[in-house]
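Heads up, the thing below is written out as structure tokens.
Each chain gets a letter, A, B and so on, in the order its sequence line appears, and its residues count up from 1. Source: prediction; values computed, not measured.
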Amino acid sequence: MSEALRAELARVASRLGADGVEFVLERPRDAGHGDLATNLAMVLAKRERANPRATAERVIDQLRLAPDLVERAEIAGPGFINFWLAQDQLSALHRRILDEGPAYGRSISGAGLRVNVEFVSANPTGPLHVGHGRGAALGDAIGALLEWTGHAVTREFYVNDAGVQIDRLAQSLWARVRELSGYAATIPDGGYHGEYLRDNARDVLASEGAGFADLSEAEGVSRARALALRIQRQEQDRDLAEFGVRFDVVSSEQTLYDSGQVGRALELLHARGLTFDADGARWLRTTDFGDDRDRVLRKSDGSFTYLVPDIAYHIDKHGRGFDRAIDVWGADHHGYIPRMRAVLQALGYPPEFFEVALVQLVKVVRGGEELKMSKRSGEFVTLRELVEEVGVDAARYFFLMRKGASPLDFDLDLAKSQTDENPVFYVQMAHARLSGIFRTAEREPESVTGALELAALPAPQDAELLKTLATFPEVVEKAAREREPHRITVYLHELATTVHGWYHHTRAVGAPEGPDSERARLLLARAARIVLANGLALLGITAPDRM
RNA sequence: GCGCCCGUAGCUCAGUUGGAUAGAGCAACAGCCUUCUAAGCUGUGGGUCGGUGGUUCGAAUCCACCCGGGCGCACCA
């Protein structure tokens, strides 16, 4: 709705000798300040050390605005220019929502950019817990936001299936198998004690036969390794699928070793003169690129640190042609960012190639009490349990309510409650109520067509609703740019509030203002229903027609 | 000690490329059901935006220092 006005303001800025200057054009909080307001005059005045209000007059003099665009413009406060849009603009906006339907809010601002979003990437050593769930919801939603803004998105999962953690997993499973078969066995130091490995051991004995427990230690552990990996990966994929998350690509650390990419990454860094040898180890000079200390790549015992496969992996992503690689990481890995950034910079990749979106911890609360979690003891709330208890919709909504960098309190009681206190219910209810209007009217929403007659919408709640619908595309744009899906939940809650208020104070079916108002309100309800559904769909949450 | 994140109403949090009187939900209090879902709506009270200085016409937002909380500072991943 504001594109034409923005373009005209930019033209005037250029004409006044400030080509390309940045300014804000947005909907003011206070309705008394018009439909849109700009700080352009204040920005210009600052550059010229002039009086902002006088500059605002010059800007308005230069503006060439079509009468069907802006009805009125005036200077206010310290030098804002407030605009009141012509009625035609609001009807045009409404027409656009109905025309675009499920695509309303989409844009092509990111067209041509290929983005890899890597998330969850949990070690295949046990079930996914709520922290992984938050990462899953966040990564998936960031992917959706980028798709909505025209990017070509690949959702990717990286499996750390090499290294010592997997050895311990294999030994732990082997121990459970032996134990189950009546032998004395103990979980090794640093191994996995969770109950799930007992279940896995039972499955293994069922599928491999009871003789499996009598294999030699070496062969048993070796085969347990492959079996454990396969089982854990299957479980994770099943949990993620039930959570509504699907990956386009699953990459494996072991494959990077097997293909020689890990070795070649080390050679590449060495050939570029970015390494040095000391204390029997090979180091990477990350301090030349902003890290606070140099990092070991190859230990004195000849093995690689985890950094090397990670470097190889990012080289691989770059080689696959992505313009951006967005890694969703747990906040406890934030110290790892500078060295990764340093490495990629040393390799000559553009700085914007690599991004990290951090996910903070989730605290699960029931009855006001925090549920304590400990991975060591194997006691934690799994994603599966959470979804079984509160459902996918509530889980996703709650995970996306706060920005990823903020810690999250997940209140199980609230997520399950069927009251307006529960934000996901509140938002879904708004959609269900709009659907209810059409049931009462005995009309399909799609059958209500035609131009919106603003004269037939006299209630302040009518205009308020329409203007809230208008901002959705900007909210999507900003959320995508900032990689912040919580902006969508915040918007949806605000829209739901507007819908509930409109619903309560006005009447569509049998509108007291007359049949023209009934038709107009049905058109408005149809548009609002579309926007609620689009916002929820973007986050992977259903929009029910009745509750 | 160094680095990153955070500090906004009693609680949980939005708002930060500098803008107009700092918002929402919960909790508290007072109201609203012959009306399309009261699974809802309306109103009231509640703030040194952690602190101090600075930049600016204008600071929750930017800068400096300080205080408090979380996390990270391995030849672990």
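- Under the side chain to side chain donor-acceptor pair (under 3.5 Å) rule, A:D277 has a single partner from A:R282, A:R298, A:H270, which is A:R282.
- At a threshold of 4.0 angstrom between heavy atoms, the contacts of A:A432 include nucleobase atoms, whether or not backbone atoms are also involved.
- Judged by ring centres under 5.5 Å apart and planes tilted less than 30 degrees, A:H493 fails to stack against the six-membered base ring of B:G25.
- Between the side chain of A:S300 and the base of B:C75, at least one donor-acceptor pair of N or O atoms lies under 3.5 Å.
- For B:U37, the OP1/OP2 oxygens have a side-chain nitrogen or oxygen of A:Y503 closer than 4.0 Å.
- Remark: B:C32 base-pairs with B:G40. Criterion, Watson-Crick or G-U wobble with two distances under 3.5 Å.
- OP1 or OP2 of B:A14 has at least one side-chain nitrogen or oxygen of A:S406 nearer than 4.0 Å.
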Considering only nitrogen or oxygen atoms on both sides, find all protein atoms under 3.5 Å from nucleotides 7-12 of chain B and state each distance.
unit_1 : atom_1 : unit_2 : atom_2 : d
B:U12  : O2'    : A:R402 : NH2    : 3.4

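- Sorted by residue number, the members of residues 480-492 of chain A with any non-hydrogen atom under 4.0 Å from RNA chain B read A:H486, A:R487, A:V490.
- Residue A:I81 is the one, among A:K46 and A:I81, whose nearest nucleotide of RNA chain B lies closer to the 5' end (criterion: closest heavy atom).
- A donor-acceptor contact under 3.5 Å is not formed by the side chain of A:K478 with the base of B:U16.
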Please set out all donor-acceptor pairs under 3.5 angstrom arising from side-chain atoms of residues 425-434 of chain A, sequence neighbours excluded.
unit_1 : atom_1 : unit_2 : atom_2 : d
A:Y426 : OH     : A:T497 : OG1    : 3.3
A:Q428 : NE2    : A:D393 : OD2    : 3.0
A:Q428 : NE2    : A:T542 : O      : 2.8
A:Q428 : NE2    : A:T542 : OG1    : 3.4
A:H431 : ND1    : A:A543 : O      : 3.4
A:H431 : ND1    : A:P544 : O      : 2.8
A:R433 : NH1    : A:H500 : ND1    : 3.0

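- Closest approach of A:P338 to A:D291, counting heavy atoms only: CB-OD1, 3.9 Å.
- With respect to the salt-bridge test (charged N to carboxylate O, under 4.0 angstrom), the residues A:R439 and A:E444 do not qualify.
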